[in-house]
Amino acid sequence: MENEQIIERFCDDLWAQRGLSDNTLAAYRSDLCRFAEFLSERDTPLAHADSLDIRDYLAHRKSIGAAKTSTARSLSALRRFFADLVRRGEREADPMALIAQPKMDRKLPDSLSEAEVEALLDAPECDDPIQLRDKAMLELLYATGLRVSELTGLQMEQVSLRQGVVRVVGKGGKERLVPMGEQAQHQLEVYLREARGMLLGVNRSDVLFPSKRGVQMTRQTFWHRVKFYAQQSGITKPLSPHTLRHAFATHLLNHGADLRVVQLLLGHSDLSTTQIYTHVAQARLTELHREHHPR
């Protein structure tokens, strides 16, 4: 079977069996294609690669300065790929069995102080439909901790203003109910009443936050809007698309929220993923202690 065919078969199986997102599948496909290209210089088909090929590939990635996170994701793709070949009986031994996962530097997520979040949320002037939409999106994002892709993909049926909750479909198709809070609920009501219809125009769509063309907004478009309002509010910290999600988790923990509650709200399947935010909260407490303790 050709490299391209075997990669597509693998991705199709992942989609069917594990419900991985399109972005994750695209990343795995890209990782496997890069490894296959490396192997082509050795006239080695992808399915026939051995441990030495994989070690040489890792050395090659290190030599070109590839990021550790990127290499770790590539190894994850290769582990799943070769495990799938073994499961199918197309290989007797798994070449990844002797390949160790690289140690990752524990990077704390970028976050904002509560004052900076307030400034960001107040940045939209709400004098036109787009800014009313953006205000509602920012408020909802900070109130719920949604992923940006979850926010931009929200449909009308996923929001209950009466109950004050959002039904989110997260990674792997898992659903969770997240309370939106009074302020976000109020801004959402204003937006729905005064702006959404104007943005849709003659278009008919169930998307909650349409773009100015009346269709679903992309993650990239919303990210540009966040950067615009950050500049307007004087925030100079480096931001990421998930900055408000990080702030949501950190501020909840700072105010005494239980870690497992935060895990459920964020939609993390593993508590260890959520625990990184305890380090952010502790770092903030240490800073406050240093600033205000008399000794």
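The chain is numbered in sequence order, starting from 1. Quick caveat, the model's predicted, so the values are computed rather than measured.
In this structure, the side chains of Val168 and Arg147 stay at 4.5 Å or more apart for every pair of heavy atoms. Leu151 places a side-chain heavy atom less than 4.5 Å from the side chain of Phe222. Gln5 places none of its side-chain heavy atoms less than 4.5 Å from the side chain of Phe10. Using a 4.5 Å heavy-atom cutoff, the side chains of Leu208 and Val159 are in contact. When side chains are defined from C-beta on, Leu161 counts as touching Leu192, because their heavy atoms get closer than 4.5 Å. Between Lys212 and Met198 there is no side-chain heavy-atom pair separated by less than 4.5 Å. With a 4.5 Å cut-off on side-chain heavy atoms, Pro129 and Glu194 do not count as touching. At a threshold of 4.5 Å between non-hydrogen side-chain atoms, the residues Val215 and Pro210 do not count as touching.
Side-chain atoms of Arg91 come within 3.5 Å of backbone N or O of Ala93 as a donor-acceptor pair. A donor-acceptor pair under 3.5 Å is absent between the side-chain atoms of Gln232 and the main chain of Pro124, judged by distance alone. Side-chain N or O atoms of Gln183 include none that pairs as donor or acceptor with a backbone N or O of Gly181 at under 3.5 Å. In this structure, the side chain of Ser233 engages the main chain of Tyr229 through a donor-acceptor pair within 3.5 Å. Although no hydrogens or angles enter the test, the distance criterion places no donor-acceptor pair under 3.5 Å between the side chain of Thr221 and the main chain of Met217. Judged purely by atom type and a 3.5 angstrom limit, Ser51 uses its side chain to pair as donor or acceptor with the backbone of Pro95. Between the side chain of Ser40 and the backbone N or O of Glu37 there is at least one donor-acceptor pair closer than 3.5 Å.
Between Asp31 and Arg34, at least one side-chain nitrogen of the basic residue sits less than 4.0 Å from a carboxylate oxygen of the acidic one, meeting the salt-bridge criterion. Residues Glu150 and Arg176 are paired through a salt bridge, judged by an N-O separation under 4.0 Å between the basic side chain and the carboxylate. Comment: Asp94 does not engage Arg79 in a salt bridge, judged by the lack of any side-chain N to carboxylate O separation of less than 4.0 angstrom. Ion pairing between Glu125 and Lys135 fails under the 4.0 Å rule for side-chain N and carboxylate O.
Thr71 and Ser74 share no donor-acceptor pair across their side chains, judged by distance under 3.5 Å alone. Using modelled atom types and a 3.5 Å distance limit, the side chains of Glu116 and Ser113 yield a donor-acceptor pair. Tyr28 and Ser76 are linked by a side-chain donor-acceptor pair at a separation below 3.5 angstrom, with hydrogens and angles left out of the test. Looking at Arg61 and Ser70, their side chains do bring a donor and an acceptor atom within 3.5 Å of each other.
The nearest pair of heavy atoms linking Leu120 to Ala230 is CD1-N, 3.5 Å. In this structure, Thr144 and Pro179 approach most closely via the heavy-atom pair CG2-O, 3.7 Å. The two residues Arg55 and Leu98 make their nearest non-hydrogen contact at NH2-O, 2.9 Å. Scanning all heavy atoms of the two residues, the minimum distance from Leu39 to Pro45 falls at CD1-O, 4.1 Å. Residues Arg219 and Ser149 share a closest heavy-atom pair of CD-CB, 3.4 Å. The two residues Leu200 and Gly214 have their closest heavy-atom pair at CD2-O, 3.8 Å.
Taking SG of Cys126 as the start and CD of Gln131 as the end, the distance is 7.0 Å to the nearest 0.5 Å. Rounding to the nearest 0.5 Å places CG of Leu177 at 9.5 Å from OG of Ser160. Atoms CG and CD1, from Leu75 and Ile54 in turn, are 8.0 Å apart once rounded to the nearest 0.5 Å. One finds the CZ atom of Arg9 at 10.0 Å from the CG atom of Asp12 (value rounded to the nearest 0.5 Å). Put simply, CD on Gln187 and CG on Leu138 are 10.0 Å apart, with the number rounded to the nearest 0.5 Å. Here the straight-line distance linking atom CG of Asp43 with atom CD of Glu41 works out to 10.0 Å at 0.5 Å rounding.
Connection of Leu132 to Met180 is not established within any shared hydrophobic cluster, with ILVMFWY side chains joined at heavy-atom distances below 4.5 Å, either directly or through further cluster members. In terms of hydrophobic clustering, with Ile, Leu, Val, Met, Phe, Trp and Tyr side chains grouped at heavy-atom distances under 4.5 Å, Ile130 and Val190 are assigned to different clusters. Met96 and Val86 are not part of a single hydrophobic cluster, where members link through side-chain heavy atoms under 4.5 Å apart. One hydrophobic cluster, built from ILVMFWY side chains closer than 4.5 Å, holds both Leu58 and Phe82.
With a 6.0 Å radius and a threshold of 12 heavy atoms from other residues, nucleotides or ligands, Gln220 has its CD atom above the threshold. For Arg42, the CZ atom is densely surrounded, since the number of other residues' heavy atoms within 6.0 Å is greater than 12. Applying the 6.0 Å contact sphere to NZ of Lys62 captures no more than 12 heavy atoms from other residues, nucleotides or ligands. Within 6.0 Å of CD on Glu4 lie no more than 12 heavy atoms contributed by other residues, nucleotides or ligands.
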Would you check, one step at a time, whether the test salt bridge (Lys or Arg N to Asp or Glu O under 4.0 Å) holds for Glu139 with Arg133?
CA-CA 10 Å; Glu139 289 281 1; Arg133 177 203 65 194; over 6 Å; no
Met137/Thr152 under side chain to side chain contact (heavy atoms under 4.5 Å, CB included): CA gap, chis, key distance, verdict
CA-CA 9 Å; Met137 293 183 78; Thr152 56; 4.2 Å; yes
Could you walk me through whether Gln155 and Gln216 pass the side chain to side chain contact (heavy atoms under 4.5 Å, CB included) check?
CA-CA 9 Å; Gln155 303 291 302; Gln216 181 172 319; 4.0 Å; yes
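Aromatic ring orientation, Phe38 versus Tyr57: tilted (interplanar angle from 30° to 60°).
Partner of Leu154 under the side-chain contact (heavy atoms from CB on, under 4.5 Å) criterion, chosen from Leu146, Val207, Asp206: Leu146. When each of Ile7, Asp53, Leu85 is paired with Leu46, the side-chain contact (heavy atoms from CB on, under 4.5 Å) condition holds for Ile7 and for no other.
In this structure, Tyr191 has its ring center closer than 6.0 angstrom to the ring center of Phe209.
Residues satisfying the salt bridge (charged side-chain N to carboxylate O under 4.0 Å, His left out) criterion with Asp84, sequence neighbours excluded, are Arg87, Arg88.
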